[in-house]
There are 2 protein chains.
Amino acid sequence: MNKAPDDQRTRREEYAEATRQALLASGRETFAREGYQAAGIEAISRAARVTRGAFYHHFEDKKALFDAVVVSLQSDAAARVQETSKRKSKIWERLYTGIDAYLDASIEPAYARIVVQEAPVVLGNARFAEIEEQYPMALLKATLRALKREGELVFDDIDLLGHMLDAVICELSIKLPTSSDPKKTRINGRKIIEGLLDSFRRK
Amino acid sequence: MNKAPDDQRTRREEYAEATRQALLASGRETFAREGYQAAGIEAISRAARVTRGAFYHHFEDKKALFDAVVVSLQSDAAARVQETSKRKSKIWERLYTGIDAYLDASIEPAYARIVVQEAPVVLGNARFAEIEEQYPMALLKATLRALKREGELVFDDIDLLGHMLDAVICELSIKLPTSSDPKKTRINGRKIIEGLLDSFRRK
DNA sequence: AATTTCACATACCTTGAGTATGTTATATTC
DNA sequence: GAATATAACATACTCAAGGTATGTGAAATT
């Protein structure tokens, strides 16, 4: 019960954390490949080389694992966005490099299917919004607000503008993989985003 | 076997069509209220006052009913859009009244949940795109193409522009119901759509 | 050294989708 | 118009998958 001040990570904790990570990784792959519904807990567990018992020890239920997978994907994406845009000094540049990085992340099959398409359905809009408000969406909105503060952007509801921008990016991430000319589609998508923002730019 | 030229709707066909419609209506309500996964076939059938036997006589499986429900919702929405916009002579006016009607239709809980959120996940992107290409999306794109033909709109990929517009409208239909000030949100949403289109309007 | 606890494994239960078969009213055939 | 066929269901069963209850052994604590 009493933890001595010198207590450290025990061997058991280390092992447990490793299997938890294995289940998370296995879940990410299986959900991405087969979708939430078709992904069986048995299959996810086998791919992580454990049994169902281990699964239910680490996660409340199937939805809990999915939730954790979504959070980890969002966290990864946000980190990538943050990394590429933080060094830019001009805000507009920060915004656009961030958007590009966000698009790169969204295009990946696992993200597009799990986060963009299935997460709102499986977790519900309320919970999804909760997760979204941290991570990528937060960065996007923060940059938009910064632009507004500087008088660069003229629009009331920055929150809404952020969501609409997000919607365009997400739709693009769904359409891009099956596009006949992905390169061109991406360029045109970028143009649409620029057009959208441009119409609220200070004249 | 041989249908006489004077053959007419038989009583049986009439009854069968009625129960099919009852199942379709029951499915629409149940899917809208509980979502695809949670909606049981037993419950759907009971609400239509038939048994599972009747259900499986009329529909291949659960997905087939869902597919039919999506098609009927899309068809209804398209009819509403068509109805409100067809009388307008100016193309821009036709576009904007159409968008408003589309938004009105999308806001309804059944449409927002079933068509916008769940359909791509349950039916898959390919099948969903197939359905979408008829109905509302077709009307939207047709009007955009008309504008391009008239030289009113300057953009290469009208198909993409249509999808991006659709994405904005759909996102709006998801966010509107939980908005703290729906009226204002809708006005601001409209402004964003106008901004988007305006940036590709002939100057 | 004894005991507890954590990290799993195994066996079972339950629910719901799908199937196979039975039944009856309606339509067709002779 | 009586016999037969068939469509439109109802009933009973199967099976897979999520979740639960319980068992077990190694590691940590006392």
Side-chain angles (χ1 to χ4, degrees), chain A residues 1-27 30-31 33-69 118 121-123, chain B residues 1-27 30-31 33-69 118 121-123:
Chain A
M1 199 90 225
N2 57 341
K3 300 244 173 179
D6 65 301
D7 76 333
Q8 49 170 351
R9 254 179 102 68
T10 164
R11 152 180 262 89
R12 264 212 322 214
E13 283 168 346
E14 216 172 283
Y15 288 163
E17 182 58 21
T19 67
R20 195 194 137 85
Q21 289 304 320
L23 282 166
L24 211 64
S26 165
T30 313
F31 285 137
R33 185 164 15 92
E34 307 179 12
Y36 179 77
Q37 152 68 22
I41 292 183
E42 181 67 36
I44 293 172
S45 302
R46 257 205 315 272
R49 294 178 317 174
V50 292
T51 63
R52 302 161 54 72
F55 177 92
Y56 280 103
H57 178 74
H58 284 283
F59 298 95
E60 176 105 20
D61 54 15
K62 193 178 173 183
K63 205 155 108 177
L65 173 66
F66 188 81
D67 192 300
V69 168
E118 298 207 320
V121 174
V122 174
L123 304 177
Chain B
M1 198 93 222
N2 57 341
K3 299 245 174 181
D6 66 301
D7 75 334
Q8 49 170 352
R9 257 179 98 69
T10 165
R11 155 179 258 89
R12 260 207 333 209
E13 284 168 347
E14 215 172 286
Y15 288 163
E17 181 58 21
T19 66
R20 194 194 138 85
Q21 289 304 320
L23 282 165
L24 211 64
S26 166
T30 313
F31 285 138
R33 185 163 16 91
E34 307 178 12
Y36 179 77
Q37 153 67 21
I41 290 182
E42 180 67 37
I44 293 173
S45 302
R46 257 206 315 273
R49 295 178 317 175
V50 292
T51 62
R52 304 161 53 72
F55 177 91
Y56 281 103
H57 179 74
H58 285 284
F59 298 95
E60 176 104 19
D61 54 15
K62 193 178 174 183
K63 205 155 110 179
L65 172 66
F66 188 80
D67 192 300
V69 168
E118 298 206 321
V121 173
V122 174
L123 304 178

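The sequence lines fix the lettering, A, B, ..., with proteins before strands; numbering per chain opens at 1. Hydrogens, waters and symmetry mates play no part in the numbers below; they use all other heavy atoms, side chains included.
One interatomic measurement links the two molecules: CZ of A:F59 to P of C:dA7, which rounds to 13 Å at whole-angstrom precision. When rounded to the nearest whole Å, the span between CZ of B:R9 and P of C:dA27 equals 12 Å.
A donor-acceptor pair is defined here as one N or O able to donate and one able to accept, closer than 3.5 Å; such a pair exists between the side chain of A:E13 and the backbone of A:T10.
The rotation axes computed at either terminus of the helix from C:dA1-D:dT30 to C:dC30-D:dG1 lie 0° apart, taking five pairs at each end and rounding to 10 degrees.
Paired with A:Y36 under the rule side chain to side chain contact (heavy atoms under 4.5 Å, CB included), one option of A:V121, A:T30, A:V122 passes, and it is A:V122.
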Exercise. Which nucleotides of nucleotides 8-19 of chain D have their base under 4.0 Å from a protein heavy atom (B), which only their sugar-phosphate (S), and which neither (-), written as one string 5' to 3'?
Worked result: BBBB------BB
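Among all heavy-atom pairs drawn from B:A68 and B:F59, the shortest one is CB-CE2, 4.0 Å. When all heavy atoms of A:D61 and A:Y56 are compared, the closest pair comes out as CA-CE2, 4.1 Å. Closest approach of B:Q37 and A:Q37 over heavy atoms only: OE1-OE1, 3.5 Å.
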Under 3.5 Å donor-acceptor pairs involving side-chain atoms of residues 39-51 of chain B, not counting sequence neighbours:
unit_1, atom_1, unit_2, atom_2, d
B:S45, OG, B:I41, O, 2.8
B:T51, OG1, B:G53, N, 3.4

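Taking 4.5 Å as the limit, every side-chain heavy atom of B:L23 sits out of range of all side-chain heavy atoms of B:R20. Between B:F66 and B:K62 the shortest side-chain heavy-atom distance does not fall below 4.5 Å.
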